[in-house]
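A short worksheet on the structure shown next.
One is the number of the first residue; the rest follow in order along the sequence. Just so we're clear, the structure is a prediction, and the values are computed from it rather than from any experiment.
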Amino acid sequence: MEKVSVVVPFYNCPYINQALESLINQTYKDIEIIVVNDGSTQHSEKIIPYLNKIKYVQKENGGTASALNMGIQHATGDYFCWLSSDDIYYPEKIEVQLAFMKEHKANFSHTNYCAIDKKSRIISPPLGVHPPNRLEILKRVRKKNFINGCSVMIDKAVFNHVGMFDETLPYTHDYDLWIRIIQKFGVYYLPQPLLLYRIHQQMGSKKHATAIKKEVDLVINRHKNTMESLLSEELRK
């Protein structure tokens with residue numbers, strides 16, 4: 001039975017208990033929950049009831065990428081997942097996605113998802129996007145990030161080939177990693193919604209929109225030449 005490691009970066013998030021409840025209640029039980037406290041000053045007490053069910057790592061504040069990397073370094077599972085402390089997994093998320101990964105011999109997959117509000121009410125239809133073939137995937141990912149990071153499942157061996165999250169990118173470390181993975185591996189999509197993605201006023205994508213735009217441009221330029229070569233190869237097929 002494959003073990004799945006789920007890394008939960010935590011920084012001053014009031015929803016952490018809901019995230020952890022969704023992991024404790026997974027239908028697939030061979031799960032390792034790794035909470036990385038990234039120098040929080042608030043809401044850490046909400047983790048106390050779960051300490052006997054999780055690995056708990058504390059570090060100085062260094063940003064989400066550094067917390068994810070710390071979690072990966074502590075992970076002993078065969079597969080890696082990431083759950084933001086304000087988001088929620090459907091109970092069957094790990095079980096269904098792992099079966100899908102094995103069926104397709106996939107190294108990297110992402111799923112559909114819905115948005116929720118601060119009271120955990122679903123406020124959107126399914127929002128997942130997946131282009132129909134590799135050519136369209138390459139075209140889209142070189143311009144924007146279409147993958148929700150908390151919907152992914154990654155064979156942990158992938159990190160040996162592409163490296164981990166870039167800690168110099170505060171906001172687009174996920175986008176940068178997906179591009180590196182897609183350059184070397186196929187990307188598979190599960191259309192079943194398995195994640196609840198929380199929209200609220202304190203979320204980073206709202207607070208740091210201007211900085212994120214600049215960083216997206218940086219990531220696009222960083223990978224521009226490689227992506228153009230891959231696109232040319234795909235067009236010649």
Side-chain angles (χ1 to χ4, degrees), residues 7 9 38 62-73 75 79-84 87 97 101 104-113 115 126-191 195 197 199 203-237:
V7 178
D38 190 35
T64 305
S66 70
L68 287 166
N69 286 346
M70 178 79 75
I72 292 166
Q73 286 159 10
Y79 292 86
F80 160 84
C81 292
W82 157 20
L83 179 59
S84 291
D87 294 343
Q97 193 169 10
M101 293 277 284
H104 294 277
K105 296 183 170 59
N107 300 103
F108 177 57
S109 73
H110 67 114
T111 80
N112 212 338
Y113 64 97
L127 299 171
V129 171
H130 188 72
N133 54 52
R134 182 157 177 83
L135 177 62
E136 295 303 320
I137 287 169
L138 291 171
K139 281 182 179 176
R140 185 176 281 252
V141 82
R142 72 174 180 153
K143 292 181 179 176
K144 66 186 295 186
N145 184 10
F146 64 88
I147 295 170
N148 186 310
C150 293
S151 79
V152 303
M153 183 178 283
I154 305 173
D155 184 324
K156 207 149 127 301
V158 165
F159 296 116
N160 298 331
H161 297 274
V162 303
M164 295 197 292
F165 291 94
D166 184 341
E167 296 180 19
T168 68
L169 298 170
Y171 311 114
T172 57
H173 46 273
D174 53 344
Y175 183 30
D176 172 72
L177 182 62
W178 310 155
I179 291 175
R180 283 186 276 137
I181 292 174
I182 287 169
Q183 287 168 5
K184 296 191 176 187
F185 297 95
V187 49
Y188 291 79
Y189 177 63
L190 216 169
L195 169 73
Y197 171 70
I199 308 288
M203 65 193 300
S205 55
K206 284 184 181 284
K207 292 201 295 185
H208 308 293
T210 306
I212 291 169
K213 172 72 174 72
K214 285 183 183 172
E215 215 175 272
V216 166
D217 292 342
L218 175 76
V219 170
I220 288 169
N221 286 327
R222 174 186 287 185
H223 296 287
K224 187 176 180 184
N225 292 341
T226 309
M227 293 306 291
E228 284 180 359
S229 297
L230 286 171
L231 271 168
S232 298
E233 276 176 36
E234 203 63 30
L235 284 165
R236 284 197 296 270
K237 286 180 180 177

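- Side-chain contact between Lys144 and Val216 is absent, with no heavy atoms from C-beta onward closer than 4.5 Å.
- Sorted pairs that involve residues 209-237 and meet ring-ring contact (aromatic ring centres under 6.0 Å, His included), not counting sequence neighbours, are lacking altogether.
- Looking at every heavy atom in both residues, Val7 comes nearest to Ala67 through CG1-O, 4.1 Å.
- Remark: Lys224 engages no residue in a salt bridge (charged side-chain N to carboxylate O under 4.0 Å, His left out) (not counting sequence neighbours).
- Remark: aromatic rings of Trp178 and Phe108 are close, center separation under 6.0 Å.
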Between side-chain atoms of residues 131-141 and protein atoms elsewhere (two or more places apart, or another chain), which donor-acceptor pairs fall under 3.5 Å?
residue	atom	partner	partner atom	Å
Asn133	OD1	Leu135	N	3.2
Asn133	OD1	Glu136	N	2.9
Arg134	NH1	Ile182	O	3.2
Arg134	NH2	Ile182	O	2.7

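- Considering Leu195, Thr111, Asp174, Ile147 as possible partners of Val152, the one that fulfils the side chain to side chain contact (heavy atoms under 4.5 Å, CB included) test is Ile147.
- For residues 225-236, the side-chain hydrogen bond (donor to acceptor under 3.5 Å, both in side chains) pairs, not counting sequence neighbours, are Glu234-Lys237.
- The shortest heavy-atom contact between Trp82 and Gly149 is CE3-O, 3.7 Å.
- Not counting sequence neighbours, the partners of Thr172 by the side-chain hydrogen bond (donor to acceptor under 3.5 Å, both in side chains) test are Glu215.
- Interatomic distance, Ser151 OG to Leu127 CG, rounded to the nearest 0.5 Å: 11.0 Å.
- In this structure, Arg142 has no side-chain hydrogen bond (donor to acceptor under 3.5 Å, both in side chains) partners at least two apart in sequence or on a different chain.
- Residues passing the ring pair (Phe, Tyr, Trp, His ring centres under 6.0 Å) test with Tyr113 are Tyr197, sequence neighbours excluded.
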Step-by-step side-chain contact (heavy atoms from CB on, under 4.5 Å) determination, Ile220 to Met227: CA-CA 9 Å; Ile220 288 169; Met227 293 306 291; over 6 Å; no

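- For the side-chain hydrogen bond (donor to acceptor under 3.5 Å, both in side chains) test, residues two or more places apart in sequence or in another chain that qualify with Ser109 are Gln97.
- In this structure Asp38 satisfies the salt bridge (charged side-chain N to carboxylate O under 4.0 Å, His left out) test together with Lys59, sequence neighbours excluded.
- Scored by the side-chain hydrogen bond (donor to acceptor under 3.5 Å, both in side chains) test, Tyr189 finds Asn112 as partners (sequence neighbours excluded).
- A distance of 12.0 Å separates OH in Tyr79 from NZ in Lys156, rounded to the nearest 0.5 Å.
- What you find for Val129 and His110 is that their closest heavy atoms are O-CE1, 3.3 Å.
- Rounding to the nearest 0.5 Å gives a distance of 11.0 Å between CG of Leu235 and CG of Leu230.
- Separation of atoms CD1 (Ile72) and CD1 (Ile154) is listed at 7.0 Å; rounding is to 0.5 Å.
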Output side-chain donor-acceptor pairs under 3.5 Å for residues 158-169, partner residues at least two apart or in another chain, one line each.
residue	atom	partner	partner atom	Å
Asp166	OD1	Thr168	N	2.8
Asp166	OD1	Thr168	OG1	2.6
Asp166	OD2	Thr168	OG1	3.3
Asp166	OD2	Arg222	NH1	2.8
Asp166	OD2	Arg222	NH2	3.3
Glu167	OE2	Asn69	ND2	2.9

